[in-house]
Amino acid sequence: MKEYDHKKIEKKWQDTWEKKGIYHAQDKSKKPKYYALIEFPYPSGDGLHVGHPRPYIGMDVISRKRRLQGFNVLYPIGWDAFGLPTENYAIKTGKDPRVVTKKNSDTFRRQIKSLGISFDWSREVNTTDPKYYKWTQWIFLQFFKKGLAYKAKMKINWCPKDKIGLANEEVVDGKCERCGTVVEQREKEQWMLAITKYAERLDKDLDGVDYLPQIKLGQRNWIGRKEGAEIEFDNIKIFTTRPDTIFGVTFVAIAGDTDRFTGRYVTNPATKEKIPVWEAQYVMGDVGTGAIMGVPADDERDKAFAEKYKLPIIENYPKAGFEDYGKKVTRFKLRDWVFSRQRYWGEPIPVIHCESCGIVPVPEKDLPVELPKVKNYQPTDSGESPLANIAKWVNVKCPKCKGPAKRETDTMPNWAGSSWYYLRYADPKNNKEFASQKNLKYFTPVDWYNGGNEHTTLHLLYSRFWHKFLFDQGLVPTNEPYMKRTSHGMILGEGGVKMSKSLGNVINPDDIVKIYGADTLRLYEMFIGPFDQSAAWSTESIIGSRRFLERVWNLQYKVEKNKKYTEFKIEKTIKKVTEDIETMKFNTAISALMIFINDLGGVDSVSKDVYKKFLQILSPFAPHMTEELWTILGEKKSINLSAWPTFDENLIKDEEIKIVVQVNGKVRAFMSVQAGDSEEYIKAEVLKKADILKYIEGKNVKKIIYVPNRLINIVL
RNA sequence: GGGCAAGUGGCGGAAUUGGUAUACGCGUUAGUCUUAGGAACUAAUGUCGCAAGACUUGGGGGUUCGAGUCCCCCCUUGCCCACCA
């Protein structure tokens, strides 16, 4: 008997699969396509921890099952590599972010490959590759040409000590994350993308996609569609969702830094009375029209304000009709997207500022505008990107008039590259288009996209916006990018706390793979709990998954080629695993596989047919070991090229059914019935049972409730 | 303050969606393997009780023959957004 040697087996099959390219999606195929997608990772310097692969394994199970079901599967991966951590590391160490990114993504790639995920590595993309961001810039120019990219003055977080603009996540309690200085607000010209132009469609088109309900809700809340009315109080326009309360209005308040009376009065259009206009802190300048009507009787904040400043409160007033005094409007909470960063490590915004022509887009033939090398990655003292210091790069001729001009030095946020990467996978090496129409027509839309809850609003919304824009330009074949969206929960450290370097509870998958093997790690991560909920890591519990695999391994020595097929429980197991994978109930699918093996117990032999079917339905979870066993059984072709087993419903049905007998809702006995027994017969039989008689003797049977195949309840 | 998710044994969790609560796994206990075991296998394992039995899904009420599941009130935890008119 050979022992289960995961090291040998896993290395061998990973090499073989890679050599044969069996996970490569075909651009042309007679098979139907299936596009499975995970959010491509940010290759951080810390390497992979066990939380990263959870979604990869989950979608790998789906992808592997789809291949066995006869699909030409596209399951790609790449690197979302622009971003702050790498840049801050570069500022600190002076190392070139390109070099750091290369090193980090090499580590990630090696680690992910060791898990046997069936990614199509031939389609790997990297957002920081000029060949990739050429097209990110190109898409930006399409936005610009349609007037959807524009410049506007915006407030930004500014650290006066570091002289640097800060992202919201770098501001902690109003202070700079790095030096602790109180952050100021500064006005700065920023590039904006007009996502609000698509607000209505982004909301409405959610009706046509298969997202988890809480994901749709998250998107809808973020877009914040709201029906209300715009009402004019003389020259002040306010927005309200409650125009019916207009008779209760005793003041108008506009956004202000401090609470104060402006000295002005306006007319309430309903009562014709003069009411005061106040500036109030609690009114937000960028919400609605930046002005509200104060109804102290109906709104708690209005009431607090009125009480504080002794403004009148009208308790009982007549209700108005919804649109009697204003016009119906639809408001969205969604704002236009601030699209520029004064940072180095991002895609340069491809425009040129000319003294006489204004803003001129870089001609498409000159794309990409490559990031030049710099000596210092620190933003300039004036808060501009470090690119502003490179005179040779900044000073250019205007493409239109050939006069003196300057390059834009702002870069794009790291949401840019991730807004369209799933399109690039369809045709990753194309240098004439971001992807050919032919390949886009074949592969898109994405059939199933799984990602983190934290991206439910921003990333998902941004990429839907880009996609709709590209659709309007006739550049992609569908209105929506993703047909189905699910999410996974985080993996927490032991005891349910967050895994973090500072707590020292980070688990590196390399260690687990070394000791237990990739198949055990995969199985454990799928078994740990419901896929969409967070789960606490427990190194102690992994052994259970390993023991199960060893039992499956040892079963090979009990296979009998000519044994008559009697293990009908395999049919039930196939059904359960087939169905549970589709709803991502991986934990119960694995439980069913374990139950099947447990039920075999110490049998002397198992038929080869059944063992093969079992290996096939286990293969998405433990691809290496099942491939090895498949070969040992004499199969010449990969288990990955076999056909997903079907099940016979007739073999699943039990002839004899055990039902529960309750008296007054309490379980008192069990009873066996035949599949064909009538209700009357069963009801009569149950009253004859000795262990039931003792409960009903001398009492009145009021009624008997019978649930077919399930239970019988005698009510006294 | 708002939105979302969740609360079941010592632990991770299951429950056919209103029908045997605690599947599966970890841990624990006992036994087998006649050196050992942080190996493997077998069995037991919600709580109380010698037992018959009773009790048990964060707490309290309700609907129902029957509630972890549905309704009402309350408590706790996590995530996201936070003065959103």
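Hydrogens, waters and symmetry mates are skipped; everything else that's a heavy atom, side chains included, is used. Protein chains get the first letters and strands the later ones, always in sequence-line order, with residue 1 at the start of each.
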Quiz prompt | Euclidean distance for C1', B:G53 against B:G62 (whole angstrom) | solution =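 Each nucleotide's C1' atom is 29 Å from the other's.
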NA contact type, [X], heavy-atom cut-off 4.0 Å: base, sugar-phosphate, or nothing?
X	result
A:K666	sugar-phosphate
A:R668	sugar-phosphate
A:V283	base
A:V707	base
A:I528	sugar-phosphate
A:M284	base
A:N598	sugar-phosphate
A:D532	nothing

Exercise. Check whether any side-chain nitrogen or oxygen of A:K333 sits under 4.0 Å from OP1 or OP2 of B:A82, and answer yes or no.
Key: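 Answer no for this pair, as no side-chain N or O of A:K333 is under 4.0 Å from OP1 or OP2.
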Exercise. Classify every nucleotide of nucleotides 62-68 of chain B by which part a protein heavy atom approaches to under 4.0 Å, writing B for the base, S for the sugar-phosphate alone and - for neither, in 5'-to-3' order.
Key: ---B---
Exercise. Work out which heavy atom in A:F251 is nearest to a heavy atom in A:A306; give both atom names and the distance.
Key: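 Reported closest heavy-atom pair: CE2-CB, 4.3 Å.
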Practice problem: For residues A:L460 and A:T456, report the shortest heavy-atom separation together with the two atoms involved. | Solution: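 Minimum heavy-atom separation between A:L460 and A:T456: CB-O, 3.4 Å.
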Quiz item: When the aromatic ring centroids of A:Y317 and A:F247 are compared, is their separation below 6.0 Å?
Solution: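 A:Y317 vs A:F247: aromatic centres not under 6.0 Å.
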Practice problem: Pull out every stem in RNA chain B, meaning runs of 3 or more consecutive Watson-Crick or G-U wobble pairs with both distances under 3.5 Å. | Solution: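 Listed by first number, the stems are B:1-7 with B:75-81, B:10-12 with B:24-26, B:27-32 with B:40-45, B:46-48 with B:53-55, B:58-62 with B:70-74.
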Quiz item: Ignoring hydrogens and angles, does a donor from either the side chain of A:R710 or the base of B:U20 sit under 3.5 Å from an acceptor on the other?
Solution: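 Between B:U20 and A:R710, which were checked side chain against base, a qualifying N/O pair under 3.5 Å is absent.
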Can you figure out which of [options] approaches the side chain of [X] most closely?
X	options	value
A:F670	B:A54, B:U20, B:C24	B:U20
A:Y282	B:G25, B:G3, B:C83	B:C83
A:L217	B:C4, B:C84, B:A14	B:C4

Self-check item: Parallel, tilted or perpendicular: rings of A:W278 and A:F261 (30°, 60°)
Solution: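 A:F261 and A:W278: tilted rings.
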Between the protein and nucleotides 26-29 of chain B, which nitrogen or oxygen pairs come in under 3.5 angstrom?
residue, atom, partner, partner atom, Å
B:C26, OP1, A:R547, NH1, 2.5
B:C26, O2', A:S541, OG, 3.4
B:G27, OP2, A:R547, NH1, 3.4

